[in-house]
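Notes follow the structure.
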Amino acid sequence: MPLSTIRLMHYVRDVSLLKRFYQKHFFDLVEEILDEWVVLDTGQIELALHRIGMPWRNQPLNRSSSNLKMVFTVKSGLPELRTSLLSAGVVMGYLKPYDGFP
């Protein structure tokens with residue numbers, strides 16, 4: 001039975017903060033339940049941001065504990081996109097080159 005991915009759901013603490021970031025820089029809004037749920041159109045699949053459950057909302061924040069890594073196709077040059085995001089105040093690390101990849 002062939003399957004296709006239609007939506008990636010990410011549980012987050014601050015739906016509104018991430019919605020503003022992704023909508024400002026990358027994606028269009030599809031649907032929203034204020035401060036609880038957002039769906040963004042990424043092109044191939046939808047990105048859903050879902051507020052974490054009550055038992056975890058007041059837990060200490062550990063910014064290095066996420067193992068989620070999202071990979072996107074960049075239509076313009078990656079260095080130019082990085083410069084644009086840095087100019088907009090987005091905190092980013094350096095670009096990592098990999099042999100065999102432009």
Side-chain angles (χ1 to χ4, degrees):
M1 166 175 40
L3 298 174
S4 62
T5 303
I6 60 167
R7 181 178 286 171
L8 171 70
M9 188 181 320
H10 184 42
Y11 289 91
V12 301
R13 288 180 184 256
D14 193 336
V15 172
S16 296
L17 175 73
L18 291 170
K19 176 199 124 181
R20 284 192 307 273
F21 171 76
Y22 284 116
Q23 195 174 15
K24 178 180 180 180
H25 297 290
F26 303 110
F27 309 126
D28 293 326
L29 181 66
V30 174
E31 65 184 65
E32 176 176 20
I33 299 172
L34 191 62
D35 296 327
E36 291 293 327
W37 171 260
V38 166
V39 178
L40 300 160
D41 181 4
T42 71
Q44 297 294 319
I45 64 170
E46 294 174 331
L47 172 61
L49 304 174
H50 193 300
R51 189 171 182 200
I52 59 174
M54 288 298 291
W56 297 276
R57 291 182 186 176
N58 295 318
Q59 295 294 318
L61 182 60
N62 183 347
R63 295 187 185 275
S64 65
S65 67
S66 175
N67 60 1
L68 176 70
K69 304 291 184 233
M70 294 187 288
V71 179
F72 304 101
T73 298
V74 178
K75 293 181 180 178
S76 64
L78 189 56
E80 292 80 12
L81 176 60
R82 180 179 179 275
T83 298
S84 173
L85 291 170
L86 288 170
S87 296
V90 175
V91 178
M92 300 179 72
Y94 62 93
L95 294 178
K96 298 178 189 177
Y98 293 95
D99 291 339
F101 293 92

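To the nearest 0.5 Å, the span separating NE2 on His25 from CG on Leu81 amounts to 9.5 Å. Remark: Thr73 OG1 to Gln44 CD distance equals 8.0 Å, nearest 0.5 Å. Atom CG in Leu47 sits 7.5 Å away from atom CD1 in Ile45 (nearest 0.5 Å).
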Donor-acceptor contacts, no H, no angles, side chain residues 83-97, under 3.5 Å, sequence neighbours left out:
from  : atom 1 : to    : atom 2 : distance (Å)
Thr83 : OG1    : Pro79 : O      : 3.0
Ser87 : OG     : Thr83 : O      : 2.9

Name each donor-acceptor pair under 3.5 Å that joins a side chain in residues 26-33 to protein atoms two or more places apart or in another chain, with its distance.
from  : atom 1 : to    : atom 2 : distance (Å)
Glu31 : OE2    : Trp37 : NE1    : 2.8
Glu32 : OE1    : Lys19 : NZ     : 3.3
Glu32 : OE2    : Lys19 : NZ     : 3.3

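Looking at residues two or more places apart in sequence or on another chain, you find a side-chain hydrogen bond (donor to acceptor under 3.5 Å, both in side chains) between Arg7 and Glu46.
Neither Met9 nor Leu34 shares a network with the other; the hydrophobic side chains, linked directly or stepwise wherever heavy atoms of I, L, V, M, F, W or Y lie under 4.5 Å apart, form separate groups for each. The cluster map of Ile, Leu, Val, Met, Phe, Trp and Tyr, joined by side-chain heavy atoms under 4.5 Å apart, puts Leu8 and Leu49 in the same cluster. Under the 4.5 Å side-chain heavy-atom criterion for Ile, Leu, Val, Met, Phe, Trp and Tyr, Phe21 and Val74 are members of the same hydrophobic cluster. Under the 4.5 Å side-chain contact rule for hydrophobic residues, Val12 and Met54 do not share a cluster.
Arg13 contributes no side-chain N or O that, together with a main-chain N or O of Ile52, makes up a donor-acceptor pair within less than 3.5 Å.
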